[in-house]
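Not measured: the values here are computed from a predicted model.
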Amino acid sequence: NPCLVLGVDPFTNNYIVPNQIDGVNKFKTLRSGYERNGTFRERGKGAYDSLGLNLNLDDPIAQKNDASKFGDIVYSRTLLESTSDSEDVWSKWSEKSRIIEQIFPLETSCEDLQDQKGEIKLKQRTKTCKWLSKRRYGKTRKWCKESDVREKCSKTCEVDCYPKGRKSPHNFPRDDYNSIVDGMKRLADDYPNFVTLTTSQGRYGLPKAGSTSNHILIIEDKNRHSSAIGKKLSKSLPEVFFSGALHGDERNGPTVTYETARLLVLSAACNSGGDEISIKTACRELSRHKSTPWAVPWLARLVSTRRIVIVPMANALGFKRKTRAENGIDPNRDFAFDQSPSKCMKTIAGRTINEIFRESLFQISITFHSGIELIGNCEKKSCFVPKKSCFVPFVNYFGFCAATILCSISFLSGWEWGNVGRMNAKKNGFSPDDEGQRQLSEEISSYCGSFGQTRKYITGSINNGLIYAVEGGMEDWAYGGSWDSKFMTTCNPSTYGGYSKSKTQYEDSTLRSFNLLVETSNDKDPFESSLGSDEDLFNPRGVGNGHISRNIRLTLMVADVVEPYSSIVSINKQDAPLDIVPGIPVEARSCISRKFVNIDLLASSDASSVTLDWVVGGSFTVDETKLMYSKWEDVPEKFNCVQQPTEQEYIEYESSSFTSSTSIQNGHTRWTDAETFSGKDDPNPHFSETIDLSSFSSGDSIAVFAVCVVDKMWAKQPTKVQPNVPPQSHVVNSRTNSDWNHIISNGKTVQGRIHWISVPVTINLQ
């Protein structure tokens with residue numbers, strides 16, 4: 001019966017059909033997202049129930065039909081469409097049809113595979129591995145584990161498809177509370193120079209909710225900032241915050257944040273060098289990224305130049321219990337913004353985040369959620385999904401075809417405003433920082449990409465109909481809690497023995513973060529097979545893309561764009577030394593002896609000039625960039641290879657008679673149209689210029705800086721904003737407003753500037 005279709009595989013766009021193996025009714029779903037172990041998940045079963053259909057997976061007639069018609073074949077849409085009576089539905093997908101041919105039976109044992117190796121497996125090996133390269137190695141490995149095959153078979157599959165020297169991809173697991181805690185402890189034990197693991201109970205003296213601790217992971221390069229000048233530099237590090245599972249039943253965030261932390265820490269450790277076992281282990285783990293050699297140095301740079309604070313399980317009790325709330329209280333209604341004093345800071349989840357923000361100057365923060373799905377006809381104004389994505393066919397087991405429509409706005413990236421008092425953006429106005437918020441969210445969506453039937457993230461201002469408004473939400477609190485006095489609240493809760501009012505009385509600088517709400521997936525707890533792997537991780541169209549993969553990219557992109565930078569990457573087309581080596585204490589002007597090139601003026605006529613290439617990062621639009629150079633003896637002391645000079649110091653040096661500059665160029669960074677990345681080649685657009693050395697003499701040491709001005713558009717505003725004030729966030733003002741200077745009581749600071757300079761290259765003339 002051609003109507004024996006269980007659903008649509010979002011990874012391959014194929015229909016899912018029953019698969020009969022040796023008389024036992026199995027369902028080979030290939031990551032369908034609808035069925036596991038013969039039982040439909042809530043979404044799939046709900047669609048059947050909505051049609052009044054009785055889904056009986058054990059129907060003997062269906063089993064008989066399976067045995068006679070399907071065998072061990074997974075049918076493609078092409079085959080089904082040729083016989084289906086519902087061409088009007090199936091034709092919606094015809095352009096994406098693919099054929100998946102015969103696969104090994106699910107019940108094949110490891111011994112069978114060994115017996116078949118010469119006769120069958122080697123015969124199909126090339127096709128199998130080619131098929132895997134287009135999708136994901138994990139399916140074969142997982143299939144081996146799901147059958148009666150165990151370690152031996154898994155290793156066989158791995159060797160067949162991956163040559164020696166390259167680690168097989170890491171398939172992202174569905175983590176629970178204990179596995180996340182154990183993973184963080186291992187990172188802290190193995191890499192103490194880059195990781196601090198603490199809890200809000202130990203750090204701030206908060207009580208526990210139930211028996212669970214609220215863990216906090218801080219990633220920074222401690223050794224780099226251990227020197228006197230390094231300690232000063234540490235106070236001005238740009239800070240980012242990532243929160244998972246503010247709602248405990250939304251399961252993607254903890255895995256995203258932990259896996260991101262793991263990748264960053266391993267990269268910093270590997271790039272630091274050394275013979276320690278932990279460093280060798282890190283490099284071995286990262287060998288799976290050999291095809292993207294630019295990635296590990298980039299990730300290591302992020303660790304050394306940012307402070308990244310992660311709370312994988314903000315609602316630790318809810319996550320452990322798999323419940324949305326913490327003891328019946330929703331943590332995302334618990335913040336001191338547009339909320340009644342007695343109704344905020346009632347949860348340990350909310351207090352944990354509050355305490356972290358009180359000692360920080362976060363410029364960007366992310367809160368990961370999941371689980372939005374509407375069933376309707378796309379007529380609601382808040383439903384932005386294109387109509388063609390609303391058709392998901394379901395076919396019953398009794399010989400007739402039917403379909404339902406799911407209109408899903410499940411993958412969102414939203415920004416402020418989102419509280420009840422600031423709704424209707426078109427009528428009342430957007431946020432004062434809307435321009436930067438908009439570009440960041442849209443480019444994040446591009447870099448996340450899509451996979452199967454899971455589309456790119458929908459983006460928009462929350463108060464423009466993207467999602468419902470809330471009182472006491474984290475998003476608006478983190479953005480406006482220090483300056484939007486109309487909605488600021490001093491909390492006075494009674495739970496857990498109360499919480500001091502002073503804890504929600506903030507400094508003017510504390511709460512000015514871009515806080516993005518990311519709805520990661522339609523299902524709160526999607527199938528493990530849809531989470532993805534780290535294969536082709538940095539490619540938004542990569543074969544391992546999934547819910548976790550693309551949100552790791554999102555998190556890394558946010559960590560990058562929190563602060564602009566430029567870097568000279570080649571000298572006469574030869575790779576220049578790295579700006580930063582993780583784990584080495586920073587000293588003033590140490591770059592002179594580390595990032596340099598010696599040029600013999602008498603060697604050839606070409607020695608009278610040098611060509612330098614540089615890149616710009618941490619931003620989107622390069623409004624201006626150039627090279628600036630002079631003898632080191634003429635460079636002011638403040639230009640020390642470590643700290644950014646003030647805007648006034650830059651202007652004085654740039655305009656002096658002994659400083660030369662190349663012509664001004666402009667362009668874009670890697671983050672513009674990020675969905676076009678292949679993932680393998682260096683994604684950064686290069687700027688290039690040739691410097692004439694004829695005015696210098698043998699014995700001169702020349703300092704060459706790359707300078708950039710970026711994202712000037714972020715200072716612009718929509719016609720109407722609410723309230724009517726200039727941009728208020730740290731991340732916008734730090735790159736567009738040289739008068740911006742904020743400092744909190746522990747000495748952390750954000751200083752605005754227009755011009756950003758690189759670590760210089762030293763040219764020694766001989």
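A distance of 7.0 Å separates CD1 of Ile743 from CG of Asn741, quoted to the nearest 0.5 Å. The line from CD of Gln339 to CH2 of Trp477 is 14.0 Å long, rounded to the nearest 0.5 Å. How far NZ of Lys524 is from NZ of Lys322: 14.0 Å, rounded to the nearest 0.5 Å. The OH atom of Tyr499 lies 3.5 Å from the CD atom of Glu355; values are rounded to the nearest 0.5 Å. To the nearest 0.5 Å, atom CG of residue Asp338 and atom CE of residue Met488 are 13.0 Å apart. With rounding to the nearest 0.5 Å, the separation of CE in Met184 from OH in Tyr258 is 9.0 Å.
Panel note: side chain Asn354, backbone Phe335; no donor-acceptor pair is recorded below 3.5 Å. With Asn223 contributing its side chain and Pro582 its backbone, the two residues share no donor-acceptor pair below 3.5 Å. A donor-acceptor pair under 3.5 Å links the side-chain atoms of Tyr191 to the main chain of Ser278, judged by distance alone. Using modelled atom types, no side-chain atom of Glu239 and backbone atom of Arg306 make a donor-acceptor pair closer than 3.5 Å. One N or O on the side chain of Ser549 and one on the backbone of Gly544 form a donor-acceptor pair closer than 3.5 Å. Listed for the Asp221 side chain is a donor-acceptor partner under 3.5 Å among the backbone atoms of Gly583. One N or O on the side chain of Asn545 and one on the backbone of Pro540 form a donor-acceptor pair closer than 3.5 Å. Panel note: side chain Thr504, backbone Cys491; a donor-acceptor pair is recorded below 3.5 Å. Between the Ser521 side chain and the Asp523 main chain, a donor and an acceptor come within less than 3.5 Å of each other. Without hydrogens or angle criteria, Gln201 side chain to Asn214 main chain gives a donor-acceptor distance under 3.5 Å.
In the model, Tyr496 has a side-chain atom that pairs as donor or acceptor with a side-chain atom of Asn327 under 3.5 Å. Side-chain contact of Ser370 with Asn252: a donor-acceptor pair under 3.5 Å is absent, judged by distance alone. Between the side chains of Lys222 and Thr196, at least one donor N or O sits under 3.5 Å from an acceptor N or O. Checked by atom type, the side-chain pair Thr199/Ser213 shows no donor-acceptor distance below 3.5 Å. Side-chain contact, Arg224 with Thr305: no donor N or O sits under 3.5 Å from an acceptor N or O.
The shortest non-hydrogen separation linking Arg251 to Thr255 is O-OG1, 4.1 Å. Scanning both residues, Asp534 and His170, for their nearest heavy atoms gives OD1-N, 2.7 Å. Scanning both residues, Ala349 and Pro331, for their nearest heavy atoms gives CB-CB, 4.0 Å. Contact record, Met474 with Asn332: N-OD1, 3.0 Å, taken as the closest heavy-atom pair. Residue Pro432 comes nearest to Tyr479 through the heavy atom pair CD-OH, 3.3 Å, listed as atom of the first residue, atom of the second, then distance. The shortest non-hydrogen separation linking Val240 to Val558 is CG1-O, 4.3 Å.
Remark: Lys235 NZ is packed, more than 12 non-hydrogen atoms of other residues, nucleotides or ligands lying under 6.0 Å away.
A centroid separation of less than 6.0 Å is found between the aromatic rings of Phe337 and Phe487. Taking the six-membered ring for Trp and the full ring otherwise, the centers of His289 and Phe538 sit less than 6.0 Å from each other.
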Pair Arg301-Asn271, side chain to side chain donor-acceptor pair (under 3.5 Å): steps then yes or no: CA-CA 9 Å; Arg301 181 188 181 112; Asn271 232 41; over 6 Å; no

CA sep, side-chain torsions, deciding dist, call: Ile364, Leu440, side chain to side chain contact (heavy atoms under 4.5 Å, CB included): CA-CA 10 Å; Ile364 308 180; Leu440 175 60; 4.2 Å; yes

Step-by-step side chain to side chain contact (heavy atoms under 4.5 Å, CB included) determination, Leu556 to Tyr447: CA-CA 10 Å; Leu556 295 175; Tyr447 194 42; 5.6 Å; no

Stepwise side chain to side chain contact (heavy atoms under 4.5 Å, CB included) test for Thr347 and Asn315: CA-CA 9 Å; Thr347 65; Asn315 180 1; over 6 Å; no

Full working for side chain to side chain donor-acceptor pair (under 3.5 Å) between Asp176 and Ser179: CA-CA 5 Å; Asp176 59 19; Ser179 64; 3.0 Å; yes

Derivation of the side chain to side chain donor-acceptor pair (under 3.5 Å) call for Ser502 and Ser500: CA-CA 5 Å; Ser502 64; Ser500 173; 2.8 Å; yes

Trace of the side chain to side chain contact (heavy atoms under 4.5 Å, CB included) decision for Thr281 with Asp190: CA-CA 10 Å; Thr281 299; Asp190 292 344; over 6 Å; no

Trace of the salt bridge (Lys or Arg N to Asp or Glu O under 4.0 Å) decision for Arg288 with Glu535: CA-CA 8 Å; Arg288 58 175 57 94; Glu535 182 173 13; over 6 Å; no

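Partner of Arg550 under the side chain to side chain contact (heavy atoms under 4.5 Å, CB included) criterion, chosen from Thr520, Leu537, Thr454: Thr454. Under the side chain to side chain contact (heavy atoms under 4.5 Å, CB included) test applied with Phe241, the options Ile353, Ile308, Ile310 reduce to a single match, Ile353. The ring pair (Phe, Tyr, Trp, His ring centres under 6.0 Å) with His547 is formed by just one residue from the set Phe368, Phe451, Phe172; it is Phe451. When each of Asp175, Thr257, Leu217 is tested with Ile180 by the rule side chain to side chain contact (heavy atoms under 4.5 Å, CB included), just one qualifies, namely Asp175.
Contact check for Leu302 versus Leu264: side-chain heavy atoms found under the 4.5 Å cut-off. Counting heavy atoms from C-beta on, the side chains of Val303 and Ser267 never come closer than 4.5 Å. Counting heavy atoms from C-beta on, the side chains of Glu259 and Pro173 come closer than 4.5 Å.
A salt bridge does not link Glu507 with Arg358: every distance from a Lys NZ or Arg NE/NH1/NH2 to an Asp or Glu carboxylate oxygen is 4.0 Å or more. Using a 4.0 Å cut-off between charged side-chain N and carboxylate O, Arg351 and Glu326 make no salt bridge. Glu471 has no carboxylate O lying under 4.0 Å from a charged side-chain N of Lys343, or vice versa, which leaves the two without a salt bridge.
Annotation: cation-pi pair Arg438/Phe430 present, NZ/CZ under 6.0 Å from the ring centroid and within 45° of its normal.
Note on ring orientation: taking the six-membered ring where Trp is involved, the planes of His730 and His742 are perpendicular (angle over 60°, cut-offs 30° and 60°).
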